[in-house]
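Heads up: the structure comes next, in structure tokens.
These values consider heavy atoms only, across backbone and side chains, with no hydrogens, waters or symmetry-generated copies. Residue numbers start at 1 and run along the sequence shown.
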Amino acid sequence: MSIKSPVTGPTDTTSATIAPETPESLAASPRSASRSTRPRTLDSHDLLGEQALVLIRHLGEIYRLQTTRQGKLILTK
């Protein structure tokens with residue numbers, strides 16, 4: 001005797017549409033969301049403003065995020 005499992009629908013998820021992130025959707029999502037959610041997207045200008053350098057404290061260490069003349073970002077410890 002064989003047991004067959006019912007077919008519940010298509011299993012191909014490659015065509016799923018993902019809505020773009022907006023400031024409203026980012027603000028609405030709780031900070032304690034699981035790590036399986038998509039990462040937040042920040043604009044570099046929101047971090048740096050008009051400055052070329054910002055210091056970031058992470059786990060007791062200080063990191064430097066800076067922009068180059070060519071517009072690239074460098075993160076150093």
Side-chain angles (χ1 to χ4, degrees):
M1 177 159 119
S2 70
I3 300 174
K4 295 182 181 179
S5 62
V7 176
T8 58
T11 58
D12 181 18
T13 59
T14 58
S15 62
T17 303
I18 299 174
E21 291 180 336
T22 63
E24 294 80 15
S25 68
L26 291 173
S29 61
R31 293 195 77 166
S32 62
S34 78
R35 293 219 179 242
S36 65
T37 60
R38 294 186 317 198
R40 294 187 308 160
T41 301
L42 301 174
D43 190 279
S44 62
H45 189 265
D46 292 339
L47 294 172
L48 294 165
E50 298 298 322
Q51 300 177 355
L53 170 71
V54 67
L55 300 178
I56 301 171
R57 184 178 304 122
H58 177 68
L59 299 176
E61 300 285 339
I62 299 293
Y63 292 80
R64 295 167 46 114
L65 178 65
Q66 60 191 44
T67 183
T68 67
R69 283 182 232 145
Q70 292 80 26
K72 297 183 180 192
L73 292 174
I74 300 174
L75 179 66
T76 54
K77 188 173 180 182

### Query
What's the spacing between T67 OG1 and K72 NZ if we round to 0.5 Å?
11.0 Å
### Point-to-point distance, once rounded to the nearest 0.5 Å, from CD of E50 to NE2 of H45
4.0 Å
### Side-chain heavy-atom pair I56, L47 within 4.5 angstrom cut-off
no
#### Entry: Cluster overlap I74 with L53, hydrophobic side-chain contacts below 4.5 Å
no
### Query
In the single-linkage hydrophobic clustering (I, L, V, M, F, W, Y; side-chain heavy atoms under 4.5 Å), do I62 and L75 co-cluster?
no
### Task
For side-chain contact (heavy atoms from CB on, under 4.5 Å), just list the numbers for L55 and R64, CA-CA rounded to whole Å, side-chain angles, deciding distance to a tenth of an Å, and then say yes or no.
CA-CA 5 Å; L55 300 178; R64 295 167 46 114; 3.6 Å; yes
